[in-house]
Peer 1: 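The structure's right below; bear with me while I get my questions together.
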Amino acid sequence: MAHQISAATVTSPLLRKVERISGQNLSLCYQCGKCSATCPLAPQMDLMPHLVIRYLQLGLEQVFDAKSYWLCATCFSCETQCPRGLDVSKVCEALRTIKLRNDLRDLKIEKPSPEMPQQGLVSAFRKLSPY
Amino acid sequence: MSEPRILAFLCRWCAYAGADLAGTTRKHYDPNLISIRVTCSGRIDPSFVLKALEEGYDGVLIAGCHPGTCHYINGNYKALRRFTLLRKLLRQMGVPDERVRLEWISASESDKFVTVVNEMIENLRKLEPAIPVEPHV
Amino acid sequence: MQSYLYFPGCSLRTVARDFEDSARASARALGLELKEMQGWLCCGAVFPNVADNVMTNAGPNRILARARAESDTLVTLCAGCHNVLKRANLQAKRNAIKQEQINEFNEERYEGGLGVLHFLEVLRDRVGFSAIREAAKMPLRGLPVGAYYGCLLLRPFEEMKLDDPHRPSVLENLLFSIGCVPVDYPSRTECCGSFLGVGAPDAMALLSRNVVQAARSHGAKLLTVSCPLCKYNLEASQKQDPAASSSSEPLPVVYFTQLLGLALGVSPEDLRLSDTQLQTIRGSVKSTVESVSQP
Amino acid sequence: MRRVGVFVCHCGLNIAGTVNIKEITDAASKTPDVVVAADHRYLCSEPGQALIKDNIKQHRLDAIVVAACSPAMHEVTFRNVARAAGLNRYQSEIANIREQCSWVHDNIEKATEKAHVIIRQSIEKVKLNELLDPITVPVTRKALVIGGGIAGIRAALDVANSGHQVYLVEKTGSIGGRMAQLSETFPTLDCSICILGPLMVEAYRNPNIKILRLSEVEEVKGFIGNFKVKVRQAPVYVDETKCNSCAECVKVCPAEVPNEFDSDLTWRKAIYIPFAQAVPPAYVLDEKSCLGLLPQACGECKKACDKLGMSCINLDAHPETHELEVGAIISATGYEMYDAARLTEYGYGIYPDVMTSLEFERMLSASGPTSGIIRRPSDGRIPKEVVFIQCAGQREPETALAYCSKICCMYTARHAMLFHHKVPDGQAYVFYMDIRAGGKGYEEFVKRCQEEGGVLYLRGRVAKVHEEDDKLVVKGVDTLSGKTVQIHADVVVLAVGMVPSQGSRELANTLKASVDENGFFAEAHPKLRPLESATAGIFLAGAGQAPKDIPETVAQASGAASKALNLLSSPTLEREPTVARIVNEQCSGCGICVPACPFEALSMNTEKRIAEVAEALCEGCGTCVASCPSGALSLRNLTDTQIMAMIRAGSG
C-alpha cells in the first residue's frame, strides 16, 4: 500500500521526537548519501544511513524494523563527512534510545572474553541496554 | 497589562528590505513594532535610542547589515562601536539588556527579522513595564 | 622534571597495563612525569550521544572537577577516555544550561578551566618531535608500522580538533621521529567495530579484519594504536579469522608508547612487550637494515 | 504652517483587506497640518496619480504623504507625481502600510492602529523636508575595465565601439582569462580559443582600447562620473611593440618553472609567451623565476635578442604607475578554482592521478600539455576508467563551499563525452547529486553526453579516494539503489567550485564596492540591479559577481557596458541631493567626522578650522552626522529633528 503523505508527515511525532532526542535538524539532509558512502558498517546494514534519515523525514515507523541503528558503532565518520553538518550517529542513538526506553530489552551477551577491555563492556551496556 | 512596544531603526539596504521581504512572503509577526527607515545603521545616534525609551517605547531594535556587507563600507562597524558604549550607559541607567538590541539582518533574512521581533517582544513581556527614562538623568 | 596530571581509566588498570606502564616509562625517559590524579573513576566509556541525557555526563564531570582541583591540565592515554573527557570539557564551556543541570545532579561542581590533552598532543605540541628524535637513542630504523587511529582520537572532528580527520599525521610523525617507516594505508581512520565486539562480534570482525588486511597489504609488519578496545578488536578478529591462520602469522598490535619507549632505550620488560611483539620488531628492524646495507 | 495631503491606497485588498481604510483616512485628515486626506483603490494607476495631482492643485498642497507599498516600490513614482503637479519632488513621502503592516498582521484592529502610526510618522517627516534638487556633476566620458577575461573583453569592446575610450587592465601577461584555457565549450562544442581569439585581437586592434597588461588597480578616488584611478604596471621587460615572437630568448633561458596556464602540468621558462594566441602577442619575463635581474646575473635572453638586432628586452625596466581619469568602472575580475587539496578525503595533491576539472580541461585541449591526449599524470598511460566527482566541495556549508557553481554539471557531461570520444574503450562514471542543466540546449546536451558517451551516472557522493596497486579506489554510494559502491579508477576528476579571484576582496575595498559572504562582488539588487555594485558608477560583469557560464558572462558584460554607456552618454549626471550638510557656525572643528566618512567626503578647512563636506563625494549614509558632537552636521531630509519627530509620532 502506498504510504500516505500529508501535511502531518512533515511534523510527524516520530520525526519530532527523534529531532528532540538527537538534537539534530533532519530537514538539513538533502540525501547526498555521503554518510552511507563513508559508513564502515553500511555494507552490513539493511537500511543505508541516508535512508534512515529519509524514512524519518517521511515519518515512516518502519525505520524501527531495520537493524541499521543497532549496528551503528558511533564512529562519527558520517558526522565528519556530512556536508550539512548532520550527525547520523546521534540519530541512530536516538532511535536506540526510543526503543530501549519503551521496551526494556536485555542485552544478550555471549560469554565475553576475559581480555575484553572494560570500556568495551561499559560502552555496550550504555549503547545497547536500557541501563 | 498593555502590550510591550518596540521601535526599530532599520537600515534601508538590508534590514528594511528584509522586513519588506517578510511582507512579500506574508510572514506574520507581532504588530507592536514600528519602524523608522534610516540610510545606514551608522546614521543612528545613540540619543535616538534614549529618546525612544524616554517616549515610552519598551524596546528599541537596531538592525544593520552583516559585517563586511555595509552599503557604505563600514557604517555597521561604527554602529557596533556606538552600541557598545550605549550599552554601558544603559546598564548604568539600569536599563535591562533585553530592551535594546543590535542585530545584523540582511535583505534576504526575513525569517531572522521575524524571529528577532517576536523574540524581543516575548522577552519584553517578561520584564516589568518600562519606566520612561528621564531625559535629565 | 615537568609533571602532568594524568587520568588512567579502567582498561589501563586491568587488561591494558602495557599501555600505562609503557607510557609512564617513555614519559620518564623524556623527562616528564605523569602524576596520577586523585579520586578518579570510570569516565563512562562513551560520551552521551543524545541531547536529553544528563546522567551519563555525571562520571566525566566528576573527573574533570577533581582534576581541576589539582591542575589546569589533564593528560589522558586511552583514546576512548580522551574522547569522553575532551567532549565533556567542551560541553561545559559551550552549554551553560546543561552544565548547571549536570552540576546539580552531581552535587560536585565543574565550571571549566581545565585543558584536556591526549599524550600524543603532549608529545607533539609540548615536547616536539625533533626533541624526541634527538632523545631516541635506539631508533627503530626501517620498521614498517601501520599507524591505526580509529575513530575516537579524531572524531567528532569539530570537537576533538586533534588532527585532520581524513588524513591525520600525528602518529606518522611520531613514528618518523623514532626511525620507523609509517605505512600509508586507507583504513587507518576507519572503525574497528568498537563495542560491537560485545553484542555483534561478527560485524566487528569484518571491520577489524579490513583494517588488518589493508595495513598488511601495504607492507605493515605491525600495527600501533592508542586505544585498548581497538587493540582487543584487531587482535581478536585475527584469532577468529579462519582465512588468515593458514596464510600468515597474525599482525601484532602494540601501543605507540611501547614503540616510543623502545626507541628511547627503555627495557622491553618495563614496556611489557611480549616475546612475539619483540621478535617482530627486532626482526623487521634488523632485516631492513640488512637489506639496505646489502648492496 | 504646512499644507499636507495624505493619500491612502487600498492596493485592491492587499491593504484594504487588513487595514480599515476609512478609519485611517479620517484619522489622517484630523492630524494637524493635514489639509486633505483621500483614498483610492490603486494610487499607482493613472486615475490614482490624477487624484493626487488634482488634490495638490485644488488644495494648494505643499507636501504629500502616500500611504501605500514599500518606498522600494514606488517612491520615485510619487516623487514624479508631486513634481508634475508643481511641487518639489522631495516633498513627497511614503508610508509603508503594505509590506510592513497589512501583509504581516491579521488582526484588523491592530493593523489599522499601526497603519495610522506609520502615516503620522511620515506626516511629521515630510513637514520638515527641505526643498531639494538633484545635484548636477560633469562626467569624464571614458571607462575602465578591470580584468581581461571574456567578460572584460566583451565589455571593453562594447564601450569602445560606442566611441568611448576604454582602459582594459589585466593582471597577467595576456588577456583571454579562463576561457583561453578551455578546450571546447558546452553545449555547442565550439573550440574555446577559436571563438575567443578573434575577440582578443579585435580588442587589441581597437584604437579606443588601451590594454594595460601586468597591471593592477592600486587606488581609486573620486566618484561616479569622475573617478581618478592609479594603475600599477609591473616592469614590462619585453617591449610588445617590437617583439615578433621569434622565441630566441626562450631557447637560451635557463630557468624553468611550472606553467600556470597548463594548470602546472607542464613547464615554462622564466621568459615565456603566456600561450600561443596571447594578446598582446609578446613575451613576458617573470621576475620571480628569472635567475637574476637585481643584480643582473644572467641576461642570456637579452643577449640573444640583441644579437638579432631586435633589442626588445630591457632588463632595467621599472614598474610604472598610470594615472587614469574615467567616468565608469566595470569590474570583471573572474574566478579561480577552489583549492582541491583542502578536500582531504579525495587525496588531491597526494595521489597524482586525482586532478581538478581545470587540469583535465587542459589535458583535453589540443594545445594542452599532452596535445589533447588524455594521460595519467603519474605514468603517462592512457586511463581506461575515469571517475568524475561533481559538487566536490560544493553545496557543503559545513565542510567547504555552501553554493553551487552552476557550470559543473555541464562541463562534467562534456568531459565524460570527450573522454569517451578519445578513449572509446574507456568507461566514465559520474557521481552527481542533481543535474542542473537549465539553459538553452543544456538538458539536451547532457542527455546526448550520457547516451553517446555511455557514461554511468551514479546518484550520490564519494566518501574517500585511496590508492591501491596503481589504481585509485573510489568509495561512494548510489542512493538510488541504496548500495555503497566501489570503483577502481585510473583517474579521478574533481569538479571543484568557482571562487572569486585572489585579490577580489582587496579590489572591492579599493573600489569601495562590497562583496557578499562568499567574497563575490555584491550587486546593488539581486533582481533589479544585477549589473551594478552598490557604489554608483561601478558595474559588474562575469564570474567575479557570481559563478556563471560563458553565455551568461557575455550577456552580463554587454549589460554592464550598456549601463556604463548610459552614464557616459551625457556630459553631466544627476545625483541624489540627500547628502550631508554642515552649519559652519556650529562646527567646533574637532575633526571627528573626517575619519568617520568612508568616502573621504569630509575634510578640514585648515584656514577656517572647520569641517567641509564635498557634496559630490558624499553618498549620504549619515555616519558623520551621528558622530558629530556639536550637532553641526545634518543629513538632508533625514535630520535628527526629523527622526526625533518620527519617534514622538510613533509613541503617542
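Chain A is the first sequence line, chain B the second, and so forth, proteins listed ahead of strands; every chain is numbered from 1.
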Peer 1: If we define contacts as heavy-atom pairs under 4.5 Å, which of D:Gln394, D:Arg395, D:Lys464 has the most with chain A?
Peer 2: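 Maximum pair count with chain A is reached by D:Arg395.
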Peer 1: Taking side chain as everything from C-beta outward and backbone as N, CA, C, O, which of these in A:Cys82 sits under 4.5 Å from a heavy atom of chain D? Side chain, backbone, both or neither.
Peer 2: backbone
Peer 1: Under 4.5 Å, counting heavy-atom pairs only, tell me which of A:Lys34, A:His50, A:Met48 racks up the most with chain D.
Peer 2: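 With the most close heavy-atom pairs to chain D, the winner is A:Lys34.
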Peer 1: Under 4.5 Å from any heavy atom of chain A, what part of D:Val462 do you find: side chain, backbone, both or neither?
Peer 2: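 For D:Val462, backbone heavy atoms alone lie under 4.5 Å from chain A.
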Peer 1: D:Thr484, D:Thr479, D:Thr399: which one forms the most heavy-atom pairs within less than 4.5 Å of chain A?
Peer 2: D:Thr479
Peer 1: Tell me whether A:Arg84 forms a cation-pi arrangement with A:Tyr30, defined as NZ or CZ under 6.0 Å from the six-membered ring centre and within 45 degrees of its axis.
Peer 2: yes
Peer 1: Salt bridge or not for A:Glu79 and A:Lys90, using N-O below 4.0 Å?
Peer 2: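 Looking at A:Glu79 and A:Lys90, the cut-off is not met.
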Peer 1: Tell me, side chain or backbone of A:Thr80 under 4.5 Å from chain D's heavy atoms, or both, or neither?
Peer 2: backbone
Peer 1: Heavy-atom pairs under 4.5 Å with chain A are the metric here; pick the option from D:Gly482, D:Ala400, D:Pro397 that has the most.
Peer 2: D:Pro397
Peer 1: Quick one: does any side-chain atom of A:Thr74 pair with a main-chain N or O of A:Ser89 as donor and acceptor, under 3.5 Å?
Peer 2: no
Peer 1: Heavy-atom pairs under 4.5 Å with chain A - which of D:Glu345, D:Lys483, D:Lys475 has more of them than the others?
Peer 2: D:Glu345
Peer 1: If you measure from CZ on D:Phe360 to CZ on D:Arg414, what distance do you get to the nearest 0.5 Å?
Peer 2: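 Between atom CZ of D:Phe360 and atom CZ of D:Arg414 there are 10.0 Å.
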Peer 1: Any side-chain donor-acceptor pair under 3.5 Å between A:Gln24 and A:Glu19?
Peer 2: no
Peer 1: Would D:Lys471 and D:Glu385 pass as an ion pair if we require N to O under 4.0 Å?
Peer 2: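 Looking at D:Lys471 and D:Glu385, the cut-off is not met.
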